[in-house]
Amino acid sequence: MIGYREARALVIARVTGLGGVLETEAVPLPEALGRVLAHDIVSDRDYPPFDRSVRDGYAVRAADTRPGAQLKCIGELKAGDTPCISLSSGSCIQIMTGGALPAGADAVVMIEHTSREGDSITLDRAVKNGQHVVRKGSEQAAGGIVLAAGTRIGFAEIAAAAQVGAANPVVTRKPRIAVLSTGDELVDFASTPGPFQIRNSNSVSLGAQISLLGGEAVILGNAKDSLEELRAKISTGLEADALILSGGVSMGKYDLVEPVLRELGAEFIFDAVAIRPGKPVVFAICEGRPFETQGKPVFGLPGNPVSTMVTFGLFVQPAIDILAGAEPPPLPFVQAMLTAPLSERPGLTHFLPAQISWRGETAYVSPIAWQGSGDVAAMAHANCLMVVPAERERIEAGEAVHVLMRGFC
Ligand code: AMP
Ligand code: MG
């Protein structure tokens, strides 16, 4: 059985190999949050556009400065002012943060390092050429790439785009990800279940995970564990850019997802990964519907809700990134110190719901008591997953372990 790293690499390689390119659209910048840039954003001019003072103080010639030097203040420049006076030796100009350095000046002395009497400014120290000045074009040259195509837009990217006036960036359309839960026992989360029925939580949690990744969830509802219903609903799901099924991939008599996918001509890339929760996870490529030939990624995630969430993070997330035109980031592991000894069956990599906390700068992690992969409440109380490597049977308190922060899935 393959490990999770290999399985994730297979997803990345195969989905990349499909080579499908989503259509693009221009969106108002504030709505671009979470979307993936389809075109580079280039700088409309040099940044900063002028030699900019980064302190409140006096614009000077560095060569004039030394402790005790006296300079004559000949004017004032605030941010936004055009610097029309130029500086000659022995003089200085009061300048505010964000102001443009006047001709002849090459440095700024902080106001804190001066004393003033009338027009006479006494320095208490020397400054070097360029000190407290950010040179024109040093952050970004005109025409240079500020944000490359494939970048996912977060708040800092929005600021970078805003700075260069990219008011309507071109992004890929949201990948449409079909979500189909399976199981005779399931009822809609908004209804009252019978005594032996359960509410469908996977469709909504998957929908939420897809939205957080900038995708558009196409919720197809639930399929009963019957060949006919699965055939019909899986075919509908194959009209989307990718299909995620939950449940029906284990060894039970009514686990019919794999037989139906096989019947529909799916190429199975893997149908088990050495992890817990999530071992029976399936990844296949299936021909699109109705008249498409291009392969579509299909994920059969185990139905236990924590398995569904974890396998989404490990395997579906990179696929959605690639569909949207972004490079999947590596799994964001963090190191933390285990607070109590722990034993797990070796052979599978375990991803255990856990709580990470910090004392000072040191991270500590404690697994949460849980009843296994059906324990949704435990997952909701966790803020991370603790990773127990497949070869470890026991980990002692105080050992460093790897943690995946919530938000990776
Ligand atoms: P399965 O993977 O179909 O064998 O389901 C494993 C367990 O997860 C069973 O206890 C199911 O009732 C439960 N389960 C399956 N699908 C869902 C779902 N959509 N929402 C909540 N629980 C589910
Ligand atoms: Mg089932």
Side-chain angles (χ1 to χ4, degrees), residues 1-17 202 205-206 209-210 212-213 242 244-247 249-251 257-258 267-285 297-323 326-336 338 342-354 356 365 367-368 370 372-375 378-379 382-393 395 399-409:
M1 205 187 322
I2 59 173
Y4 75 92
R5 287 191 197 82
E6 195 184 335
R8 192 174 153 96
L10 280 169
V11 169
I12 292 172
R14 293 306 302 258
V15 178
T16 304
N202 288 344
S205 65
L206 285 169
Q209 286 182 292
I210 291 165
L212 285 172
L213 262 187
I244 307 175
L245 292 131
S246 91
V249 289
S250 306
M251 303 296 281
V257 166
E258 280 180 85
E267 178 196 358
F268 285 83
I269 315 300
F270 54 76
D271 65 0
V273 178
I275 54 172
R276 177 171 288 163
K279 187 166 128 227
V281 60
V282 170
F283 170 49
I285 305 284
V298 178
F299 295 90
L301 309 184
N304 266 312
V306 181
S307 310
T308 312
M309 296 178 215
V310 170
T311 50
F312 179 96
L314 292 174
F315 309 118
V316 184
Q317 198 149 303
I320 296 180
D321 279 329
I322 295 164
L323 290 173
E327 196 178 317
L331 286 171
F333 290 110
V334 169
Q335 220 173 43
L338 186 62
L342 185 93
S343 298
E344 285 295 342
R345 202 187 100 187
L348 301 174
T349 303
H350 288 75
F351 294 88
L352 305 174
I356 188 169
V365 65
I368 284 184
W370 73 324
S373 55
D375 197 340
M379 187 67 172
N383 62 3
C384 67
L385 294 169
M386 180 191 142
V387 187
V388 182
E391 67 282 1
R392 295 298 300 270
E393 199 164 352
I395 305 184
E399 279 194 62
V401 293
H402 282 121
V403 160
L404 281 172
M405 301 304 292
R406 168 89 79 76
F408 108 92
C409 79

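Predicted, not measured: the structure shown is a model, and the values here were computed from it.
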> Say you draw a straight line from CE of Met379 to CH2 of Trp370; how long is it, rounded to the nearest 0.5 Å?
Replying inline: 8.5 Å
>> Measuring from atom CD of Gln317 to atom CD1 of Ile210, what distance do you get when rounded to the nearest 0.5 angstrom?
In response: 10.5 Å
>> If you compare all heavy atoms of Gly374 against all heavy atoms of Asn304, which two are closest, and at what distance to 0.1 Å?
In response: CA-OD1, 3.5 Å
> side-chain contact (heavy atoms from CB on, under 4.5 Å) between Met309 and Arg406: does it pass, once the steps are laid out?
Replying inline: CA-CA 10 Å; Met309 296 178 215; Arg406 168 89 79 76; over 6 Å; no
>> Just so I know, are the side chains of Pro389 and Thr349 near enough to count as touching, which here means a heavy-atom distance under 4.5 Å?
In response: no
> Can you name the one residue among Val316, Val281, Val249 that meets side chain to side chain contact (heavy atoms under 4.5 Å, CB included) with Thr311?
Replying inline: Val281
> Can you name the nearest heavy-atom pair linking Pro346 to Glu393, along with the distance?
Replying inline: CD-CG, 3.9 Å
> Hey, what do you get for CD (Gln209) to CD1 (Ile244), rounding to the nearest 0.5 Å?
Replying inline: 8.0 Å
>> Between Asn383 and Ile356 (side chain of the first, backbone of the second, donor and acceptor by atom type, cut-off under 3.5 Å), is there such a pair?
In response: yes
> Looking at Pro277 and Ser307, what are the two nearest heavy atoms and their distance?
Replying inline: CB-OG, 3.4 Å
>> To the closest 0.5 Å, what do you measure between CE (Met251) and NZ (Lys279)?
In response: 8.5 Å
> Would you call Pro328 and Ile322 a side-chain contact if the rule is heavy atoms closer than 4.5 Å?
Replying inline: yes
>> Do Arg8 and Leu331 have side chains that approach each other closer than 4.5 Å (heavy atoms only, starting at C-beta)?
In response: yes
>> If you apply the rule side-chain contact (heavy atoms from CB on, under 4.5 Å), what do you find for Ile269 with Leu10, and how did you get there?
In response: CA-CA 8 Å; Ile269 315 300; Leu10 280 169; 4.1 Å; yes
> Do Leu206 and Leu301 come within less than 4.5 Å of each other through their side chains, counting heavy atoms only?
Replying inline: yes
>> Can you tell me which residue among Phe270, Phe315, Phe268 is in a ring-ring contact (aromatic ring centres under 6.0 Å, His included) with Phe283?
In response: Phe270
> At their closest point, which heavy atom of His402 faces which heavy atom of Gln335, and how far apart are they?
Replying inline: NE2-NE2, 4.0 Å
>> Rounded to the nearest 0.5 Å, what separates atom CG in Leu404 from atom CE in Met386?
In response: 11.5 Å
>> With a 4.5 Å cut-off on side-chain heavy atoms, are Ile395 and Val388 touching?
In response: yes
>> For a quick test of reading the model, state the closest non-hydrogen atom pair linking Thr308 to Pro302 and the distance between them.
In response: OG1-O, 2.7 Å
>> Could you tell me if the side chain of Asp271 sits less than 4.5 Å from the side chain of Val282, heavy atoms only?
In response: yes
> Taking the six-membered ring for Trp, is the centroid-to-centroid distance between Phe351 and Tyr4 below 6.0 Å?
Replying inline: yes
> Would you call Arg14-Glu267 a salt bridge at under 4.0 Å N-O?
Replying inline: yes
> Do the non-hydrogen side-chain atoms of Arg276 and Arg345 ever get within less than 4.5 Å of each other?
Replying inline: yes
> Looking at side-chain heavy atoms only, is the closest gap between Leu338 and Pro367 below 4.5 Å?
Replying inline: yes
>> The test is side-chain contact (heavy atoms from CB on, under 4.5 Å); show your working for Val387 and Phe333 and say whether it passes.
In response: CA-CA 9 Å; Val387 187; Phe333 290 110; 3.8 Å; yes
> Are there more than 12 heavy atoms of other residues, nucleotides or ligands under 6.0 Å from atom CD of Glu327?
Replying inline: no
> Rounded to the nearest 0.5 Å, what separation is found between the CZ atom of Phe312 and the CD1 atom of Ile320?
Replying inline: 4.0 Å
>> On a heavy-atom basis, which atom in Ala336 and which in Val403 lie closest, and how many Å separate them?
In response: CB-CG2, 4.1 Å
